[in-house]
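Everything below concerns the one structure shown next.
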Amino acid sequence: MSAPVQPPEARVETAHPEAPGYRAGRTLPLRVEAMRQLRRRRTLLMGGILAALPFILIIAFAIGGTPDGEDGGGGGGGGGRINLMDVATESAANFAATSLFVSAGFLLVVPVALFCGDTVASEASWSSLRYLLAAPVPRVRLLWSKLVVALGFSLAAMVLLPLVALVAGTAAFGWGPLKLPTGGALSAGDTVPRLAIVVAFIFVSQLVTAGLAFWLSTKTDAPLGAVGGAVGLTIVGNVLDAVTALGSWRDFLPAHWQFAWADALQPQLEWGGMIKGTAVSVTYALILFALAFRGFSRKDIVS
């Protein structure tokens, strides 16, 4: 007499939890996710745009002549303003700092929103998200792998821009000390560490955009909605920071500290504004990342 046939649900229930060799921590390795994202056209396109920007600026300076510096530049910690355009062509280091300045307010927001906002929502739009979870990849592991890779690509985008600017600037303007718009100069030995501090702070300040994009990516099946929503909310933050009537309330806006890295381009390195900006950005980012993980862990995945 043949044995009774178990229903499919029973077979899955008994086979999955104790599958031989199964390790949740080994599912969706970071290198696999990184290669998947690296091969995507939007990644290559964004890298090409960032790599082309320094050359576009060099052409603009060649056509327009020496910068006249009529308009003010950024401000450290929302305070005093500096003008990096005045010294943009003095050396490769100045050119790299100027490239970061003209792109930090918006252009560098785009790759962060793109890499973090497209990562989960794109899987849902392709109807592949449920198959990844059925592999089975635990939800926390899935989000963790995608978030780490997205942040890694965001950081790479911010490092790529000044690296290309240094190379292109050396060919166009020569290597030399970093001349400060407030007077004086930093030696060549201090230039690279100061620029590294600038890039690190810009990355930390963009964690809020990353958190917004990643949270929205777990809430929608439309990648464009997650990316556009994060960029839009970032712009709203910039607009609110321009409303001086808010007074000290602006100190709680991440946008208020986005140019605090200008304090790293002073004769004496000032950490006050960057520390405050880091605290604000990290706090918002942690809350948004927590909301993303909490919401996704309870979400009914049908895509």
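Just so you know, these numbers use all the heavy atoms, side chains as well, and skip hydrogens, waters and symmetry mates.
- Residue T209 is tested with T234, L288, V231 for a side-chain contact (heavy atoms from CB on, under 4.5 Å); the sole match is T234.
- For W175, the CH2 atom is densely surrounded, since the number of other residues' heavy atoms within 6.0 Å is greater than 12.
- F296 has its side chain out of reach of V140: every pair of non-hydrogen atoms, C-beta onward, lies at least 4.5 Å apart.
- The distance from the CG atom of D190 to the CG atom of L178 is 9.5 Å, given to the nearest 0.5 Å.
- Minimum interatomic distance between A292 and L143 (heavy atoms only, all atoms of both residues): O-CD1, 3.9 Å.
- A side-chain donor-acceptor contact under 3.5 Å links W257 to the backbone of D251.
- To the nearest 0.5 Å, atoms CE (M85) and CZ (F61) are separated by 3.5 Å.
- L151 places a side-chain heavy atom less than 4.5 Å from the side chain of L207.
- Residues M46 and I202 share a single hydrophobic cluster, defined by chaining ILVMFWY side chains whose heavy atoms lie under 4.5 Å apart.
- A heavy-atom distance below 4.5 Å is not found between the side chains of V149 and T119.
- Each of D241, V204, V208 was checked for a side-chain contact (heavy atoms from CB on, under 4.5 Å) with P254, and the lone residue meeting it is V208.
- Between V110 and I49 the shortest side-chain heavy-atom distance does not fall below 4.5 Å.
- In this view, F173 and F95 satisfy the ring-ring contact (aromatic ring centres under 6.0 Å, His included) rule, not counting sequence neighbours.
- Side chains of P177 and T191 form no contact here, defined as non-hydrogen atoms less than 4.5 Å apart.
- The nearest pair of heavy atoms linking V164 to P54 is CG1-CG, 3.9 Å.
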- [ ] Assess whether side-chain contact (heavy atoms from CB on, under 4.5 Å) is satisfied between V102 and L107, documenting all intermediate values.
- [x] CA-CA 8 Å; V102 299; L107 180 59; over 6 Å; no

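- In this structure, CZ in F252 is found 11.0 Å from NZ in K276, a value given to the nearest 0.5 Å.
- Interatomic distance, S99 OG to L57 CG, rounded to the nearest 0.5 Å: 5.0 Å.
- Cluster annotation: V87 and V192 are assigned to distinct hydrophobic clusters (Ile/Leu/Val/Met/Phe/Trp/Tyr, side-chain heavy-atom contacts under 4.5 Å, transitive).
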Task: Candidate pair F203 and L108, rule side-chain contact (heavy atoms from CB on, under 4.5 Å), full reasoning - done: CA-CA 9 Å; F203 173 72; L108 290 180; over 6 Å; no

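- A search for ring-ring contact (aromatic ring centres under 6.0 Å, His included) contacts involving F201 returns nothing, not counting sequence neighbours.
- If you chain together hydrophobic residues whose side chains sit under 4.5 Å apart, I56 and V167 never meet in one group.
- Taking the side chain as every heavy atom from C-beta outward, I197 and L269 approach each other to under 4.5 Å.
- At most 12 non-hydrogen atoms from other residues, nucleotides or ligands lie less than 6.0 angstrom from CZ of R294.
- Side-chain contact of N238 with Q258: a donor-acceptor pair under 3.5 Å is present, judged by distance alone.
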Open item on the list: Evaluate M158 against L50 for side-chain contact (heavy atoms from CB on, under 4.5 Å), listing each step before the verdict.
Closed with: CA-CA 9 Å; M158 296 181 189; L50 292 173; over 6 Å; no

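- Taking every heavy atom of both residues into account, L195 and A97 meet most closely at CD2-CB, 4.1 Å.
- The only option from Q37, M35, R31 that meets the side-chain contact (heavy atoms from CB on, under 4.5 Å) definition with E33 turns out to be Q37.
- Residues S154 and P111 share a closest heavy-atom pair of OG-O, 4.2 Å.
- Of the possible donor and acceptor atoms, none in the side chain of T220 sits under 3.5 Å from a partner among the backbone N and O of A226.
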Open item on the list: Applying side-chain contact (heavy atoms from CB on, under 4.5 Å) to Q206 and V109, what does each step give before you reach the verdict?
Closed with: CA-CA 7 Å; Q206 294 297 339; V109 173; 3.5 Å; yes

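- In this structure the side chain of R36 reaches within 4.5 angstrom of the side chain of K146, judged on heavy atoms.
- Proximity of a side-chain donor or acceptor of R194 to a complementary backbone N or O of Q266 within less than 3.5 Å is detected.
- The cluster map of Ile, Leu, Val, Met, Phe, Trp and Tyr, joined by side-chain heavy atoms under 4.5 Å apart, puts F55 and L44 in different clusters.
- Under the side chain to side chain contact (heavy atoms under 4.5 Å, CB included) criterion, A200 pairs with no residue, sequence neighbours left out.
- Between L100 and V199, the closest side-chain pair of non-hydrogen atoms falls below 4.5 Å.
- Not one N or O on the side chain of S217 forms a donor-acceptor pair closer than 3.5 Å with the backbone of F214.
- Checked against ring-ring contact (aromatic ring centres under 6.0 Å, His included), F153 has the following partners two or more places apart in sequence or in another chain: F115.
- Shown here for A165 and A96, the closest heavy-atom pair between the two residues is CB-CA, 3.7 Å.
- Within 6.0 Å of atom CG in L224, 12 or fewer heavy atoms from other residues, nucleotides or ligands are found, so the atom counts as exposed in its surroundings.
- The shortest heavy-atom contact between V198 and A264 is CG2-CB, 4.0 Å.
- With sequence neighbours left out, S91 forms a side chain to side chain donor-acceptor pair (under 3.5 Å) with N94.
- Within the structure, no pair that satisfies the ring pair (Phe, Tyr, Trp, His ring centres under 6.0 Å) test touches residues 266-289, not counting sequence neighbours.
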